[in-house]
Amino acid sequence: MEITVTEQLSRTVVVAPKERLDAFSAPQMRERLEALLAEGVTQFVIDLSQTPFLDSAGMAVLVSLLKRARQAGGDVKLVKPASEAVQRILLLTRFDKVFDMLDSVPAN
Amino acid sequence: MEITVTEQLSRTVVVAPKERLDAFSAPQMRERLEALLAEGVTQFVIDLSQTPFLDSAGMAVLVSLLKRARQAGGDVKLVKPASEAVQRILLLTRFDKVFDMLDSVPAN
Amino acid sequence: MTTATGKPLQIVIPATLEALRQVSAKIEDYIAQIDGVEEPEIVTYNIVLAVQELCTNIVKHGYAGESGKIAVDLELAEAPLRLIISVRDNAPHIFDKAGWAAPNLDEPKEHGLGIWLIQQLMDEVDYQPAPGNNRWRLVKQIPQRA
Amino acid sequence: MTTATGKPLQIVIPATLEALRQVSAKIEDYIAQIDGVEEPEIVTYNIVLAVQELCTNIVKHGYAGESGKIAVDLELAEAPLRLIISVRDNAPHIFDKAGWAAPNLDEPKEHGLGIWLIQQLMDEVDYQPAPGNNRWRLVKQIPQRA
Ligand SMILES: Nc1ncnc2c1ncn2[C@@H]1O[C@H](COP(=O)(O)OP(=O)(O)O)[C@@H](O)[C@H]1O
Ligand SMILES: Nc1ncnc2c1ncn2[C@@H]1O[C@H](COP(=O)(O)OP(=O)(O)O)[C@@H](O)[C@H]1O
């Protein structure tokens with residue numbers, strides 16, 4: 001039988017904000033992500049597991065990244081925050097429908 | 001703000017059977033996939049777009065691969081068959097619920 | 001409406017997985033002769049798949065490694081137009097109809113889809129078991145373009 | 001049932017995004033003094049987030065780059081126990097309540113979640129606009145463990 005086998009190497013960048021992601025720190029996070037997009041990264045995992053606080057300015061950075069990554073043929077997945085309070089806000093704002101939610105950073 | 005950035009390189013293997021995947025050819029396909037699993041591949045895309053026929057023996061090879069890839073922390077996605085008849089069988093057997101279905105091979 | 005033109009056809013093959021491809025090809029050719037079939041690709045595919053599943057079982061479970069033959073008869077009946085497929089084998093094992101249970105499709109399974117697929121794809125499935133003389137009869141209506 | 005022990009508290013900060021972190025910290029401390037709060041992490045988080053959204057808007061849209069101050073008053077009221085948060089600013093711009101519309105959450109948006117979140121998270125939201133003297137009043141019931 002004819003079976004063709006081809007390989008794809010893909011690079012995923014895991015970005016983990018470990019402090020408040022709010023209106024004050026969002027520009028720093030945005031800058032960091034812009035640099036990665038400029039490098040050609042299109043597959044992102046944003047690891048929110050250790051993010052203690054996330055406001056709408058922080059969420060805006062995630063949505064903006066999602067749009068740009070998808071435009072470039074990639075995607076953004078979120079690792080669930082450990083904080084239940086943050087988790088509930090992601091449900092309230094339906095971010096769990098917009099992003100693929102992961103329980104933990106995928107092993108490789 | 002403390003933001004950690006880590007990178008993951010991952011290897012996806014795209015396997016495209018271009019002839020009937022049936023009880024006769026399934027063992028060949030299985031052997032090919034076993035070799036890839038043995039090499040450590042865990043992310044698979046099985047491109048069924050050019051597979052003209054798929055019986056339950058062919059499907060069994062896909063399910064077996066899925067189980068083993070998931071055990072190893074990976075996954076198997078299927079690219080939709082071009083043949084509408086084959087597509088309908090995948091719906092009937094609910095394979096579209098068990099596997100992530102892609103419209104085409106992802107561009108890297 | 002059109003009339004069917006197919007004459008009855010008998011296919012006899014050795015009971016090997018490889019030889020089943022001849023059965024598929026002949027069924028395709030047989031249905032291709034019928035005029036006015038609606039969605040011919042789908043109808044043909046479904047019949048070919050059902051017969052493939054049936055004959056695979058005969059090779060794997062009926063003859064179970066022994067050599068033998070499988071005879072497949074195709075015949076058209078009218079009003080409504082339908083394809084009647086008879087399959088005979090001389091395999092030592094029989095299919096235990098009473099012990100069969102439908103698969104749970106919610107969990108991905110590697111086995112047990114074959115008989116279920118045949119039932120889904122055919123309008124009638126009849127089985128007359130007898131060690132050394134098993135007979136299956138499958139009937140499928142052939143939808144006609146208006 | 002327990003009684004609330006908090007005295008009223010006033011926080012005054014410069015209208016900068018960085019200084020808002022002091023507001024969050026002080027609200028956390030204030031709520032931590034209250035005995036018997038049910039699901040304290042969730043309640044505290046939701047109040048801190050609502051005030052954060054409100055003050056961010058004052059910095060970004062109210063003062064819009066100009067310097068100024070924001071005053072946040074916290075006060076407890078009883079029966080049922082609730083936290084009353086008053087926020088005052090002297091910003092030149094006012095929030096146009098009439099022109100506001102709820103966001104469509106089915107499409108991911110980069111803007112327009114702030115006011116909506118405040119409404120979702122608080123029990124009462126009252127706004128008295130006046131250029132140079134805007135006043136907000138937020139009320140949130142503090143659920144008590146049985
Ligand atoms: N022709 C046959 N002769 C003997 N046993 C059969 C035959 N066909 C089916 N069986 C039995 O019925 C079971 C179910 O068949 P099937 O639904 O095709 O699933 P699978 O072949 O994947 O097990 C088989 O495992 C086998 O035990
Ligand atoms: N304190 C304020 N002063 C002036 N305008 C405001 C104020 N708060 C909100 N607004 C206006 O209301 C809009 C909606 O606010 P909001 O829901 O927080 O979303 P966002 O700030 O992301 O636009 C703002 O874009 C702004 O035009």
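These numbers come from the heavy atoms of this one structure, side chains and all, not from hydrogens, waters or symmetry mates. Proteins come first, then strands; the chains are lettered A, B, ... in the order of their sequence lines, and each starts at number 1.
Among residue pairs with one or both ends in residues 20-49 of chain B, none qualify as ring pair (Phe, Tyr, Trp, His ring centres under 6.0 Å); sequence neighbours excluded.
Nearest heavy atom pair, residue C/Pro108 against residue B/Val98, reads CB-CG1, 3.6 Å.
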Taking 3.5 Å as the threshold, show me the donor-acceptor pairs across chain B and chain C, one per line with distances to 0.1 Å.
| unit_1 | atom_1 | unit_2 | atom_2 | d |
| --- | --- | --- | --- | --- |
| B/Arg20 | NH1 | C/Ser24 | OG | 3.1 |
| B/Arg20 | NH2 | C/Ser24 | OG | 3.2 |
| B/Arg20 | NH2 | C/Gln52 | OE1 | 3.0 |
| B/Asp22 | OD1 | C/Arg21 | NH2 | 3.1 |
| B/Asp22 | OD2 | C/Arg21 | NE | 3.0 |
| B/Asp22 | OD2 | C/Arg21 | NH2 | 3.4 |
| B/Leu54 | N | C/Tyr45 | OH | 3.0 |
| B/Asp55 | OD2 | C/Gln52 | NE2 | 2.9 |
| B/Ser56 | N | C/Glu53 | OE2 | 2.6 |
| B/Ser56 | OG | C/Glu53 | OE1 | 2.6 |
| B/Ser56 | OG | C/Glu53 | OE2 | 3.2 |
| B/Ser83 | OG | C/Glu41 | OE2 | 3.1 |
| B/Arg88 | NH2 | C/Glu39 | OE2 | 2.9 |
| B/Arg94 | NH1 | C/Asp106 | OD1 | 2.6 |

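By number of non-hydrogen pairs under 4.5 angstrom with chain C, the leading residue of B/Ala85, B/Ala57, B/Pro52 is B/Ala85.
Heavy atoms of C/Leu117 lying under 4.5 Å from chain B belong exclusively to its side chain. Interface remark: B/Val86 contributes backbone and side-chain atoms alike to the contact with chain C (heavy atom separation under 4.5 Å). Residue contact with chain C, scored on non-hydrogen atoms closer than 4.5 Å, is absent for B/Leu62.
In this structure, the ring-ring contact (aromatic ring centres under 6.0 Å, His included) partners of B/Phe95, at least two apart in sequence or on a different chain, are B/Phe99. By the side chain to side chain donor-acceptor pair (under 3.5 Å) test, B/Ser49 pairs with B/Asp47, sequence neighbours left out.
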